[in-house]
**Q** 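One structure coming up, written as structure tokens, with questions to follow.
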Amino acid sequence: MAMSRLKSPAKEETLIGRWPGDIREAMAVQETLRKRVRLIHLQKTPEYVAGVDAAFGGDRVVCVSSLFRFPALEHIEDVYTITDVKFPYIPGFLSFREGPAIIMTIRKLSIRPDVLLFDGQGIAHPYGLGIASHIGVLLNIPSIGCAKSRLIGDHTEPDRRKGMFSYLTYRGKRIGAVLRTRDGVKPVFVSPGHLIELEEAIDIVLRCTDRYRLPEPVRRADIVSKRLRNELLSS
DNA sequence: GCGACAG
DNA sequence: ATCTTGTCGC
């Protein structure tokens, strides 16, 4: 029998097709995917890093991924997706709201990133599957969570100088770091997402940050997504 | 029951 | 996240 010309759908397409529609289904998915998170050191020196962020307007979302060469931080491209939002925002379930748009967006990049930087948590999440871990597992790409505020965990105030940090702990475990990316500026919450270790995540976030609080790939994705929303999602 | 709560 | 004016500080 001849080999079928029909290619089986990509894993992420299959998953998008059955994307959870409610909390109950989402919890089942988290229970399954959390076991697939692997916090191992990077298997390859990062050459391409992509930041991801989304802007909302009505019931629609504009998701953007900005690709940069690393460690030079030369901007390569921005790709985006506009879709209807079907899942509400519920603390602990952010990835189910932005996930579909994020996955479609990352697949549009002309180069597969070596690391994904997210505006949200990695394993620093009540079920160990923040948005960075969730997407990292689905796409099998190393990922980092770089949130602007805390979801869970305890920590002390990190030294005010850039590069200083204190650890985020939860139930006796070290799950992330509260990292100062600029002198005297509110720190960011860094946690490994998938296929990376905390120390490497901290290092990459710092090396992607220059004169602003957020690492450049995420900062750019944030700016571009908001601009596109105001230009394309207005009428 | 009360407080906390990524984006 | 989004809605929004002025304002404090380097």
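Just so we're on the same page: letters track the sequence lines, and every chain starts at 1.
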**Q** How close do P187(A) and V178(A) get, heavy atom to heavy atom, and via which atoms?
**A**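 For P187(A) versus V178(A), the nearest heavy atoms are CG-CG1, 3.5 Å.
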**Q** Write down the atom of T81(A), the atom of K108(A), and the distance for their closest heavy-atom approach.
**A**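 Looking at all heavy atoms of both residues, the shortest contact is OG1-NZ, 2.9 Å.
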**Q** Starting from C1' on dA6(B), measure out to CD1 on I123(A) and report it in whole angstrom.
**A**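 After rounding, the reported distance stands at 15 Å.
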**Q** Looking at every strand, decide which applies to G57(A) at a 4.0 Å heavy-atom threshold: base, sugar-phosphate, or nothing.
**A**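 No contact.
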**Q** Of the residues in residues 144-159 of chain A, which ones touch DNA chain B at a heavy-atom distance under 4.0 Å?
**A**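 Here the set is A147(A), K148(A), S149(A), R150(A), L151(A).
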**Q** Give a yes or no on whether a salt bridge exists between R180(A) and E157(A), defined as a side-chain N under 4.0 angstrom from a carboxylate O.
**A**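 Counted as a salt bridge, because a side-chain N and a carboxylate O are separated by less than 4.0 Å.
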**Q** Given atom CD1 of I90(A) and atom C1' of dA4(B), what is their separation to the nearest angstrom?
**A**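 One finds 15 Å between C1' of dA4(B) and CD1 of I90(A), rounded.
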**Q** Please name the pair of heavy atoms, one in L117(A) and one in P215(A), separated by the smallest distance, quoted to 0.1 Å.
**A**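 Closest heavy-atom pair between L117(A) and P215(A): CD1-CB, 4.0 Å.
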**Q** May I ask you to say what A55(A) touches in the nucleic acid, namely base, sugar-phosphate or nothing, with a heavy-atom cut-off under 4.0 Å?
**A**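 Sugar-phosphate, backbone atoms only, no base.
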**Q** Which whole-number value in Å describes the distance from L168(A) CG to dC5(B) P?
**A**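 In whole Å, dC5(B) P and L168(A) CG are 12 Å from each other.
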**Q** List the atom of L198(A), the atom of P192(A), and the distance in Å for their closest heavy-atom pair.
**A**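 Answer, listing the atom of L198(A) first, then P192(A): CD1-CD, 3.8 Å.
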**Q** Between the protein and nucleotides 5-10 of chain C, list the N/O to N/O atom pairs that are separated by less than 3.5 angstrom.
**A**
none

**Q** Calculate the interatomic distance between L94(A) atom CG and dA1(C) atom C1'; express it in whole Å.
**A**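 My rounded result for the distance is 9 Å.
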**Q** So which atom in S133(A) and which in G193(A) form the shortest heavy-atom distance, rounded to 0.1 Å?
**A**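 For S133(A) versus G193(A), the nearest heavy atoms are OG-O, 2.8 Å.
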**Q** Salt bridge between D78(A) and R220(A), side-chain N to carboxylate O under 4.0 Å?
**A**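 The answer is yes: the pair qualifies as a salt bridge.
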**Q** Could you check whether D183(A) pairs with K162(A) (Lys NZ or Arg NE/NH1/NH2 to Asp/Glu carboxylate O, under 4.0 Å)?
**A**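 Salt bridge: no.
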**Q** What is the distance from CZ of F87(A) to C1' of dG7(B), rounded to the nearest Å?
**A**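 Rounded to whole Å, this separation is 14 Å.
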**Q** For R97(A) and dT2(C), what is the distance between atoms CZ and P respectively, to the nearest whole Å?
**A**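 Going from R97(A) (CZ) to dT2(C) (P), I get 10 Å.
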**Q** The side chain of Q121(A) lies closest to which of these nucleotides: dA6(B), dT2(C), dG7(B)?
**A**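 Closest nucleotide among those given: dA6(B).
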**Q** Mind listing the closest non-hydrogen atom pair of Q121(A) and S149(A) along with its distance?
**A**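 Looks like NE2-O, 2.9 Å.
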**Q** Any stacking of F189(A) on dA6(B), going by centres under 5.5 angstrom and planes within less than 30 degrees?
**A**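 No, the aromatic ring of F189(A) does not stack with the base.
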**Q** Just how far, in rounded Å, is P of dC3(C) from OH of Y89(A)?
**A**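 Y89(A) atom OH is separated from dC3(C) atom P by 17 Å.
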**Q** Among dA1(C), dG7(B), dA6(B), which nucleotide has an atom closest to any side-chain atom of K226(A)?
**A**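 Side chain of K226(A) sits closest to dA1(C).
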**Q** Just call it for F56(A): base, sugar-phosphate, or nothing, with non-hydrogen atoms closer than 4.0 Å on any strand.
**A**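 Counting heavy atoms under 4.0 Å across all strands, the contact made by F56(A) is with sugar-phosphate only.
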**Q** Classify the ring geometry of H155(A) against F189(A): parallel below 30°, tilted from 30° to 60°, perpendicular beyond 60°.
**A**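 Correct class here is perpendicular.
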**Q** If I take atom CG in residue L214(A) and atom C1' in nucleotide dG7(B), what distance separates them, rounded to the nearest angstrom?
**A**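 Whole-Å distance recorded here is 13 Å.
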**Q** Please verify the inter-ring angle class for F165(A) with Y167(A); under 30° counts as parallel, over 60° as perpendicular, anything in between as tilted.
**A**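 Ring orientation, 0 to 90° scale: perpendicular.
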**Q** Is the Lys NZ or Arg CZ of R229(A) less than 6.0 Å from the centre of Y80(A)'s six-membered ring, within 45° of the axis?
**A**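 No, R229(A) and Y80(A) do not form such a contact.
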**Q** How is the base pairing of DNA chain B summarised as a dot-bracket string, given the Watson-Crick and G-U wobble criteria with both distances under 3.5 Å, [ ] for crossing and | for another strand?
**A** .......
**Q** What's F96(A) touching, base or sugar-phosphate or nothing? Going by heavy atoms closer than 4.0 Å.
**A**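 F96(A): no heavy atom of the nucleic acid under 4.0 Å.
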